[in-house]
Amino acid sequence: MKMQLITRSIGAPINRIDGIQKATGKAKYAYEYPVEGAAYAFPVQSTIARGRVSAIDASAARARPGVITVLSHENAPRLAHLANTELEVFQTDAVAYHGQFVAAVVAETSEIARQAAELVVVHYEELPHHVELRADDKALYKPPTVHEGQDVTDRFDGDVEGALNSAAVLLDQTYTTPAEHNNPLETHASIAIWDNAGITIYDSNQGPHAIRDTIATAFRQPPERIHIITQYVGGGFGSKLSAHPPIILAVMAAQVTKRPVKLALTRQQMFSLTGYRTPTIQRIRLGADNNGHLTAIAHDVIEQTSTSYEFAEHVAVVARRMYAAPNRRTTHRVARLDMPVPTYMRAPGECSGMFALESAMDELAIACGIDPIELRIRNEPTIDPETGHPFSSRGLVACLREGARRFGWQQRDPTPRARQEGRWLIGTGVASSTYPVYYSPASASAQVDHKGNYQVHIDATDIGTGARTALTQIAADVLEAPLEQVQLMIGNSDQPAAGYAGGSSGTDSWGWAIFNAANALHTKLRDECGGVIPAEGLSASGTFDANPELQQFAMHSFGAQFAEVHINRDTGEIRVPRLLGVFAAGNIVNPKTAHSQFMGGMTWGLSMALHEASVLDPRFGNYVNHDFAGYHIATNADVGTIDVVWLEEDDPHVNPLGTKGIGEIGIVGTAAAIANAAYHATGIRVRDLPITLDKFLS
Ligand code: MOS
């Protein structure tokens, strides 16, 4: 499948082609488009987690000069039914979670809207709520699938209990991770315009086509009448993959007021309205012989979902493919809580699952008296244990070995508390990393004018990853044109359909469609026009549907994460002066933007390890640390040296360009590497994230 391509720009560290626009403020983000006669919406959110709205007194708000209308279930237009009832804004008086929209003010300015929203008085009939995830919850149930239909809930291979009972070395531990919130710098924002052209929405999202389809369904419009424009996005991390209540509210407000309506969430509102990573309780049991060969892996996950929609994360799925244990058990049980719907957050599934599995592998290595890298190498599978297929490429062992060499692993004394400098205990740790190769169908068109200027159209999104640049490089090389002569047009649902910027699938899938479109144009120009561009120009299109080789090969990226951790003996303070990530993730289109993706993922892994936790107040069902003062994210002072390395990997099966996707793997395994290093430094095993200083003071 891999094509022989003369790569002139692929592989070159090209600067972001939109870098100047972004740095100079010329790049327009959703909320920044000037629109004539805009009105502004500001929501009122429920203060109870479950019950109903018994009365709304909006008289004071309505009396405030500048207020255009106050919307609620009492006067809202009817929407179509949606699979995720969280999107059914103002359709009933029911309250399903704390922070739900119960009313909204639309006003002449955002300040008036916000002030008037404070004046709306909402009365509730409160019902008992259930908001806490607990391992002993009687109401835990087995969802029909996890990962929204993409993975089976449970898998039982071989005789796990028998193998665990007879194992020479047995590990049985429970690991927990807290709820965490996606916090892109740009909060969710929309400008909705409902006029004769249909509904036009400037919106911050990860995939205009998906948003278009949801809006079309909700407002009972043909999809062609919906136009989603998404030129620049200040991050998403999964929270902007699908529509959330704010965009529904913006469109509804435009419908009612017949004005363009602007709505941008505040940071605080993000904590109840745009998803979060589910907390997890993960029991891992590993059985091994005295040489560290795994005989059984059991990974049982408990997590939460909502009453509005069943989002069941695929946390244990990663344990199905990592190691060559002949007996395997992976299960997911879910609590349906009176909470907002959890959603995807960078490396959903793998991120939480690998914290537990890779912490457990470290514990097993210690129990067996085997080096943790050697333990992983001894359990390297020759084929994918889940499907029985060969891996299209699997660079885990190479990454571990290269990382060990670069990190200086051979000098490591495995004894905990062996290294100390002054009052600081020093430890090092390692963990594996992995992320699947995902695809989604995409189409693209390519055209050239008589001067030799190319345009390529696809409804892709660049959420800050550098996709706009990498895709231009791909197009230019296939067209055999200089980069400057190729203009890539993305981020508009009127363009050829494409999947979202998620699942690290963009470069693979959009890139393949662009490859086909550009190839078609190039071939047409050569075969039909003798290489001479006709006066009226020339165009062609191409699609990508599916990779047929997925039926024969397991396709995943792999990596190895290394961490050095310093922990203060007196205060428990934790510093991470050094991280190293070595990845095998296929062909790298742009080394500069790819480096940032890996480094960004690792930085977030550090943040997950040490800081991030959304704190629930079970009395009210809300996350109380709902801002950057209370929800800590790693900042410059927390981050030491982060070295990013990738290995040459030539995978002929993944797509014509050999790319695998790099957006998410950087976060996977980082927290485990840090926890393992913290154990090595102190002899104290932290199985409950985040790793805070109190956990070392006993
Ligand atoms: Mo990613 S969590 O698939 O945006």
Side-chain angles (χ1 to χ4, degrees), residues 146-151 177 179-188 203-211 214 230 233-244 270 274-278 280 303 305 309 311-315 317-318 340-355 433-442 459-467 470 490-491 498-510 555-557 585 593-594 596-598 600-605 607-608 612 614 659-671:
V146 291
H147 202 183
E148 295 190 299
Q150 293 189 63
D151 290 305
T177 61
E180 297 162 2
H181 275 79
N182 311 50
N183 271 295
L185 264 186
E186 183 200 22
T187 67
H188 291 57
D203 183 60
S204 181
N205 65 67
Q206 294 176 236
H209 257 77
I211 304 293
T214 303
T230 305
V233 179
F237 310 122
S239 71
K240 295 176 183 170
L241 288 170
S242 55
H244 294 282
M270 295 270 295
T274 57
Y276 59 99
R277 199 194 296 278
T278 177
T280 67
E303 57 188 49
T305 187
Y309 180 72
F311 181 90
E313 196 172 314
H314 49 292
V315 176
V317 166
V318 68
V341 187
T343 194
Y344 299 106
M345 183 159 143
R346 202 171 196 167
E350 280 74 17
C351 184
S352 306
M354 286 290 273
F355 165 67
S433 180
T434 187
Y435 195 78
V437 177
Y438 288 124
Y439 299 95
S440 56
D459 186 22
T461 37
D462 186 332
I463 60 174
T465 57
I490 60 170
Y500 49 48
S504 301
S505 67
T507 310
D508 310 350
S509 309
W510 304 327
M555 301 185 184
H556 304 271
S557 295
T593 52
S596 297
Q597 285 296 293
F598 289 124
M602 291 170 69
T603 305
W604 200 346
S607 194
M608 174 193 187
E612 295 195 33
S614 306
T659 62
K660 276 180 162 181
I662 54 176
E664 287 160 279
I665 189 170
I667 195 173
V668 180
T670 314

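None of these values were measured; they are calculated from a predicted model. In listed order, ligands and their atoms are each counted from 1.
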Relative to the ring of H188, is the ring of H244 parallel (under 30°), tilted (30 to 60°) or perpendicular (over 60°)? perpendicular
Smallest separation among heavy atoms of A501 and T461, with atom names: CB-OG1, 3.4 Å
Specify the closest pair of heavy atoms between V668 and A347, including all atoms of both residues, with the distance to one decimal. CG2-CB, 3.5 Å
For ligand 1, what is the set of protein residues having any non-hydrogen atom at a distance below 4.0 Å? Q206, F237, G238, L241, Y344, M345, R346, P348, A501, G502, G503, E664
Sorted by chain and residue number, the salt bridge (charged side-chain N to carboxylate O under 4.0 Å, His left out) partners of E180 (sequence neighbours excluded) come out as R277
Calculate, to the nearest 0.5 Å, the distance between atoms OG1 and CG belonging to T274 and N183 respectively. 8.0 Å
Does W510 use its side chain to pair, donor to acceptor, with the backbone of G499 at less than 3.5 Å? yes
